2 protein chains.
Amino acid sequence: MESFTEENYLKAIYHLSLLSNGTVQTNAIAEKIKTKPASVTDMMKKLADKNLVDYIKYQGVSLTEKGKLTAIGIVRKHRLWELFLVQSLGFKWDEVHEIAEELEHVNSDLLIRRLDEFLGYPKRDPHGDPIPDQQGNFEESAVTKLSKLQPGEQGTIIGVTEHSAEFLKYLEKTGLTLGTQISVEDINPFDGSIELLLEQKKISISKEVAKNLLMKL
Amino acid sequence: MESFTEENYLKAIYHLSLLSNGTVQTNAIAEKIKTKPASVTDMMKKLADKNLVDYIKYQGVSLTEKGKLTAIGIVRKHRLWELFLVQSLGFKWDEVHEIAEELEHVNSDLLIRRLDEFLGYPKRDPHGDPIPDQQGNFEESAVTKLSKLQPGEQGTIIGVTEHSAEFLKYLEKTGLTLGTQISVEDINPFDGSIELLLEQKKISISKEVAKNLLMKL
DNA sequence: ATATAAAGTTAGGCAAATCTAAATAAATAC
DNA sequence: GTATTTATTTAGATTTGCCTAACTTTATAT
Ligand SMILES: [Mn+2]
Ligand SMILES: [Mn+2]
Ligand SMILES: [Mn+2]
Ligand SMILES: [Mn+2]
């Protein structure tokens, strides 16, 4: 059994490893988890002892198969709880992350299976992220960042890669919610900001925002 | 904000203080929380510093008003989660205690208010215990232990004072569930065991069991 | 009232997780 | 290719919660 803290480290490594091809740097983990690099080094030794990560001094870490399965299990719990909060308890999508961050550590397989059943074996969380099944399997659908689209192209928003309340609230206010269809009208060559057509209305968003929106074409 | 551990201590002290008129012994806490008396002493000093308990060396502790409110808040969370597990996720009453023991520490007032609303502002948990409202108020209905009844008297089971899975499973199997009406037929003078009439059937239970069943007459 | 037992506390340590400051290795720059 | 910057690790402490063993206080028994 992993501690609360170990679980948070494993999850952080997992998320970071999806961006960099498997290997994750000490500093990246420290930043993600809001701790200091020295603490990360300590923990990496511990996780390596437990066979949850492969760790080579100065070279970064990667999850072992066991570590990866554990991490995916936590992600599964996190996303199921988020969906429960939104779907059953009436929370908004920008209010659930912090609470799920705690709920994900409650330790009962039966609880999670029942929650999964209660929610009808959902495939996506409120942010469009896939929910792994009990075996840890999930399909990552083919997605494109909105920032990659060219003028004239269009698609539907199916996910976000940034989960902060500020960002999600901004999307909500602007109307950029999951399932919304948009088309790219123009790209400003100066700052990369993008003109969109969203339900008849023209709006402009920054490149930064566009990078965090996932589209189905 | 109290730590996970501090919350468990406060809750233990609260439950114990209901049995002894307010003051609780070090050893009783140690036993309840499955730790050693020395650890309890350490924690009592800490809780006293935080103004959560009044502590006099060698004389035991009692909750301050602040400590009591905190403890009742945890009890509220515990019982709401237990009811959710039984009512929404299909758990049995003997399966929920351990899980609620973890869920009760999830820290979000909004979450608990929403859960309360979702469950329809319930007044009782699956074991018949009252669920405090947001202000910490609840009515303890007038109850009598089954062990106090005399032959010829009858009543309805409305609660239990022991929450172990073994005990609850035994009750389930025997048919002694909440809401069941029973009458006392005879009391064995030798060991205090009790003959009951339960839905036409005669059964016998030990004094030990009877002490842990709460009745409405 | 003294002796013994029970209850409670203190002293001294340990493990987990964290931090700061100092040292070392790797990457990058010129 | 050396010098500097950046990344990482080590050393040494701190905090929280827990433990054992020894000591002190309070309760009980005769
Ligand atoms: Mn977490
Ligand atoms: Mn999510
Ligand atoms: Mn608990
Ligand atoms: Mn209960």
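Chain identifiers are assigned alphabetically (A, B, ...) following the order of the sequence lines, protein sequences preceding nucleic acid strands; residue numbering begins at 1 within each chain. Because only heavy atoms are used, hydrogens play no part in the values below, and waters and symmetry mates are left out as well, while side chains stay in. Here the structure is a predicted model, which means the values were calculated and not measured.
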Length of the line joining [X]:[atom1] and [N]:[atom2], which is rounded to integer Å:
X	N	atom1	atom2	value
Lys34(A)	dC19(C)	NZ	P	12 Å
Glu6(B)	dT16(D)	CD	P	9 Å
Met43(A)	dT9(D)	CE	C1'	16 Å
Asp42(A)	dT9(D)	CG	P	10 Å
Ile56(B)	dT25(D)	CD1	P	16 Å
Ile29(B)	dT9(C)	CD1	C1'	14 Å
Gln25(B)	dA27(D)	CD	C1'	12 Å
Lys50(A)	dA16(C)	NZ	C1'	10 Å

Check: Hey, are the side chains of Asp116(A) and Arg76(A) touching, using non-hydrogen atoms and a 4.5 Å cut-off?
Finding: yes
Next item on the list: Could you tell me whether the side chain of Phe84(B) reaches within less than 4.5 Å of the side chain of Leu89(B), counting heavy atoms only?
Entry: yes
Using only side-chain N and O atoms of [X], determine if any of them is under 4.0 Å from OP1 or OP2 of [N].
X	N	result
Gln59(B)	dT25(D)	no
Tyr9(B)	dC18(D)	yes
Ser3(B)	dT16(D)	no
Tyr55(A)	dT9(D)	yes
Lys57(B)	dT10(C)	yes
Thr26(B)	dT9(C)	yes
Lys36(A)	dT8(D)	no
Lys45(B)	dT10(C)	yes
Asn27(A)	dT8(D)	yes
Ser39(B)	dC18(D)	no
Thr5(B)	dT16(D)	no

Next item on the list: Indicate the ring-plane relationship of His163(B) and His127(B), choosing parallel, tilted or perpendicular according to the 30° and 60° boundaries.
Entry: perpendicular
Notebook entry, point to check: So, are Glu2(A) and Lys11(A) salt-bridged, with charged N and O less than 4.0 Å apart?
Noted result: no
Checklist line | Set of side-chain hydrogen bond (donor to acceptor under 3.5 Å, both in side chains) partners for Ser88(B), sequence neighbours left out | finding: none
Next item on the list: Can you figure out which of dT24(D), dA11(C), dT9(D) approaches the side chain of Tyr58(B) most closely?
Entry: dT24(D)
Checklist line | DNA chain C: 5'-proximal contact among Thr35(A) and Val40(B) (nearest heavy atom) | finding: Val40(B)
Next item on the list: Begin from the C-alpha positions of Leu176(A) and Leu196(A) and carry the test side-chain contact (heavy atoms from CB on, under 4.5 Å) through to its verdict.
Entry: CA-CA 10 Å; Leu176(A) 296 166; Leu196(A) 300 173; 4.1 Å; yes
